[in-house]
Amino acid sequence: MTKEINPWGSDDVKDYRKIMKEFGISPFSGVMKKLKEPHLLMRRGIVFGHRGFDSVMASKNYALMTGLMPSGKFHLGHKILADQIIYHQRELGAHVFLCVADVEAYNMRLADMKKLRETAIEEYLLNYIALGLEPKKCDFYFQSERSRDSGKSNAYYRLAGMAANKVTMNELKAIYGELSPGKIMSVMLQVSDILHPQLPEFGGLKNVVVPVGIDQDPHIRLSRDIAARFSREFGFRAPAATYHKFILGLKGGKMSSSDPYSYIALTDSPEEAKKKIYKYAFSGGRKTVEEHRKHGGNPDIDVSFQYLYSQFEPDDRKITKIRDDYSSGKLLTGELKQILIEKLTKFLEEHQKKREAARKKVDRFLDK
Ligand code: TRP
C-alpha cells in the first residue's frame with residue numbers, strides 16, 4: 001500500500017482511479033460546478049481529485065498553502081502547480097502561503113543550503129512572479145527561515161515540534177515505509193507548513209487548501225489526522241487538498257529535473273525547446289505516413305498533444321479539432337509538433353521577458 005504513492009519515490013502513477021478509491025480521494029468534477037470559471041487544468045481533468053475542497057469553496061476567506069523543493073530547473077511540470085496557485089490568488093482571492101522546502105531538499109538530496117536558496121529564487125520565485133504571483137496576499141518563505149518576525153517564526157517551529165508528539169513511530173512507518181532522521185524532520189516541518197496558517201500568529205483558524213501532486217497525499221493524510229489531534233489545543237480545521245496528475249515527460253516517462261531531455265524548462269530558449277520537441281517528444285503517431293493516414297495517431301500518449309491539452313491550447317473547440325484530426329490521421333506528428341512549437345515559442349519569449357522584469361519584485365517577496 002505504501003509503495004503505491006510515496007513522496008520520496010519516483011514511481012509513476014498508472015491508475016489514478018484506483019488510487020482515489022484506495023485512499024478515499026473524491027473526484028474534482030463534483031466540486032467544479034461551484035466555481036464560476038474553473039481553471040483550464042480543472043476543466044481538463046489534470047486537477048482530478050480533492051479532499052474537503054467543498055468546505056473551502058463554501059468559505060469566503062480561505063488560504064492556499066503549498067510547497068516546493070528547489071531541486072533544479074523550473075519546468076512545465078512545475079508550471080501547472082504555479083498556474084493553480086495564481087488562479088486561487090487572483091481569481092478567488094486566496095491568501096497564498098508558499099514554502100520553499102529547503103530543509104527537506106537538504107535532507108533528501110541536495111545538501112547545500114546556499115545553492116538551494118539561489119535555485120529557489122532564480123528558478124522558482126522569478127518564474128512564479130513572471131507567471132503572475134503577487135506579493136500582496138502572499139507569504140513566501142523558507143523552511144529554514146520562516147519569518148523575520150520572531151513571534152511568527154517561533155510559532156511555526158513550535159508547532160513542528162509539538163506535532164511530533166501527536167504521531168507514533170509505527171504510524172509514520174505505515175505511511176512512509178523506511179524512515180530516516182531527515183525524513184522525520186521533513187515530515188514534521190511539512191505538517192507545520194500545512195497547519196501553521198491557522199495559528200493565531202498567522203490570522204487564526206481558517207480553511208486551507210493544499211494543491212499538490214498525488215505523491216504528496218501521505219503528507220496530507222497525516223496532516224489531517226494531526227489537525228484533529230490538536231482539537232483541544234488549537235481546534236484546527238482539517239486542511240483540504242486538491243490533486244493534480246503528473247505531466248508527461250518529453251520522452252513519455254516522468255518529467256525529471258535530473259534529465260534535461262525529459263522536460264522543457266521555462267528558461268529554455270525557444271530554439272532549444274523546439275529542438276527538444278522535434279527530437280524527443282514522444283509521438284503517438286504511426287511508423288509511416290501511410291499507416292498514420294490510414295489508422296490515425298493516439299493523442300492520449302502523444303506528448304505534444306498532451307502539452308497542448310493541459311497548458312497551451314485553451315480553446316476547447318480548437319483542441320477537440322486537433323484531437324479529432326490526429327486520431328483520424330488527417331494531422332501528422334510533424335504538423336502536431338509544429339502547432340505546439342508555435343504556441344510554446346510565443347509563450348517562452350513573453351515569459352522570459354517577464355522573468356527578467358520580475359527581478360525588481362523579488363525583494364517584496366523576501367522581506368517578510
Ligand atoms: N514535500 C513537498 C515536495 O516534495 C514540498 C513541500 C514542503 C510541501 N512543504 C509543503 C508541499 C507543504 C505541500 C505543502 O515537493
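Bear in mind the structure is a predicted one, so any value in this text is a computation, not a measurement. What you see below is based on every heavy atom in this structure, not just the backbone, and it leaves out hydrogens, waters and symmetry mates. In listed order, ligands and their atoms are each counted from 1. Each residue takes its place number in the sequence, starting with 1.
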Can the ring centroids of Tyr156 and Phe202 be said to lie less than 6.0 angstrom from one another?
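Tyr156 vs Phe202: aromatic centres not under 6.0 Å.
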
Counting heavy atoms only, which of Gln216, Gln143, Met69, Met65 comes nearest to atom 2 (C) of ligand 1?
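Looking at heavy atoms only, Gln216 sits closest to atom 2 (C) of ligand 1.
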
Which of the ligand 1 atoms, numbered from 1, are nearer than 4.0 Å to a heavy atom of [X]:
X	result
Val212	13 (C)
Gln190	1 (N), 2 (C), 6 (C), 7 (C), 8 (C), 9 (N), 10 (C), 11 (C), 12 (C), 13 (C), 14 (C)
Ala101	5 (C), 7 (C)
Val210	13 (C), 14 (C)

Kindly confirm or rule out an N or O of Asp193 lying under 3.5 angstrom from an N or O of ligand 1.
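Yes, at least one N or O pair falls under 3.5 Å.
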
Quick check: does Glu104 get an N/O under 3.5 Å from an N/O on ligand 1?
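N/O-N/O distance under 3.5 Å: yes.
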
Pair Tyr62-Leu92, side-chain contact (heavy atoms from CB on, under 4.5 Å): steps then yes or no
CA-CA 9 Å; Tyr62 71 93; Leu92 305 176; 3.2 Å; yes

Under 3.5 Å side-chain donor-acceptor pair for His95 and Asn61
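No.
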
Are side-chain N/O atoms of Asp300 and Tyr309 paired as donor and acceptor at under 3.5 Å?
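Absent: no donor and acceptor within the cut-off.
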
Could you check atom 13 (C) of ligand 1 against the protein and tell me its nearest heavy-atom contact, residue, atom and distance included?
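So the nearest neighbour among protein heavy atoms is Gly67 N, 3.4 Å.
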
Taking atom OH of Tyr261 as the centre, does the number of heavy atoms from other residues, nucleotides or ligands within less than 6.0 Å exceed 12?
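It does not: Tyr261 OH has 12 such atoms or fewer within range.
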
Does the pair Lys73/Asp268 count as a salt bridge with the N-to-O cut at 4.0 Å?
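Answer for the salt bridge query: no.
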
